[in-house]
Amino acid sequence: MKIVTVIGARPQFVKAAVVSRAIDRVEHHDQIQEIIVHTGQHFDANMSDVFFEELKIRPPDHHLGIGGMSHGEMTGRMLIAIEKILLQERPDWMLVYGDTNSTLAGALAAAKLHIPVAHVESGLRSFNMRMPEEVNRVMTDHVSTVLFAPTQIAISNLHREGIPGDKIINVGDVMYDSALHYQDQAGPRLKKFKAMGLVSGEYVLATVHREENTDDHQRLQEIIGGLIRISQRRLVVLPLHPRTRAALEATELMADAQRYLRLIDPVGYLDMLCLEMNARLIATDSGGVQKEAFFFGVPCLTLRDETEWVELVEIGANMLVNADAETINAAAIAAEDKVISNEQLYGDGAAGMAIVDCLVGQKCC
Ligand code: UDP
């Protein structure tokens, strides 16, 4: 069996590594050939290479080098390039992850060639079609053959959109598998950050990268303002996504951010898990980081108006704080001592194996 995996952005490296590892563990794995296509959507060493190294992902069979352009151009170029690869490789499955332009391009190229598409992290919805990610998710789900949903809520979303139930399978969340697998390696890394003054349980970790926040000056100003208010009480460490760095540098915000916050370059996955599990509180607009906060029992503020991971808000592990400096600061004070429930919301840590079992036809939906 031949599987073409399309990845290109940071969270996809984390998710795909789980399934690649499961392929290696499955019986008769020598009969499964995985062809990895890296679109190049993320290309910096600390947004891409470090994940291949740490998560032991095989070097890509095809690297398209398509990144750093507008949504339409990027998706269009990926579509053209992936179609060529599919015509050459003729796989049994196209495997795509999450909600990026790489996800959509991979799914669309395969669907048009009648190659079955399997979508991992299917059924997530923000119900905000202004988000490029929401467009990518909805379109991908609707051309997919098998939809691997992480939660019951994701399944309900798919049912509501009329997707037949026999195409959907609740496997749990591959990011939970990953966090469980790497947490012991990640924990002790805090000593690397001692020089910055990070003490376990005493600092706030923040990430900001969604276009709705970086490309809207008013929102970015409020978010940085909120983090600066928090920094009067607690050290705030902010690994800067390249888009956020560019947005800050283009305005007067960078000077204030540098003065009050600990700005660092994006960190590798293991360092990030370490920063998360030792944080007192996390403030983020990342989908993955919201869940990882929960995996490690750390309270989370989401710097958005809505979230796809609504179950975390329902159980009180996560609070939507929008982009308002005062709300962010007040919520941080209220949330930082919260005890987070340890419910099993995201499966049993074996989502990767369930996906591979399904693809090889052992226990499929
Ligand atoms: N991440 C990382 N280093 C960072 C920031 C995030 O390794 O500096 C990891 C994080 O732990 C999670 C994933 O990247 O596993 C989330 O990716 P991102 O926030 O870019 O995307 P989203 O989850 O919002 O799609």
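Every number for a ligand or one of its atoms is a count from 1 in the order of the listing.
The residue among S286, G287, P266 with a heavy atom at the shortest distance from atom 16 (C) of ligand 1 is S286. The closest non-hydrogen atom to atom 24 (O) of ligand 1, taken over K291, E54, R210, comes from R210. Within the set M272, E133, M175, Q290, the minimum heavy-atom distance to atom 1 (N) of ligand 1 is found for M272. For atom 17 (O) of ligand 1, the candidate residues are P11, A186, A293; the nearest heavy-atom contact is made by P11.
Taking a cut-off of under 4.0 Å to the non-hydrogen atoms of E276, the atoms of ligand 1 that pass are 11 (O). Residue contact check: G288 has heavy atoms under 4.0 Å from atoms 22 (P), 23 (O) of ligand 1. The contact set between ligand 1 and F51, taken as ligand atoms under 4.0 Å from a residue heavy atom, comprises 2 (C), 7 (O). Near Y269, with a cut-off below 4.0 Å to any heavy atom, the atoms of ligand 1 are 7 (O), 15 (O).
Under the 4.0 angstrom criterion for non-hydrogen atoms, T207 is not in contact with ligand 1.
Side chains of T103 and N136: no donor on one and acceptor on the other come within 3.5 Å. A donor-acceptor contact closer than 3.5 angstrom is absent between the side chains of E306 and S126.
Between H42 and F51, the distance from one ring center to the other does not fall under 6.0 angstrom.
The N/O atoms of V267, backbone and side chain alike, include one that comes under 3.5 Å of an N/O atom in ligand 1.
The side-chain hydrogen bond (donor to acceptor under 3.5 Å, both in side chains) test with Q290 singles out one residue from T307, T284, T207, and that residue is T307.
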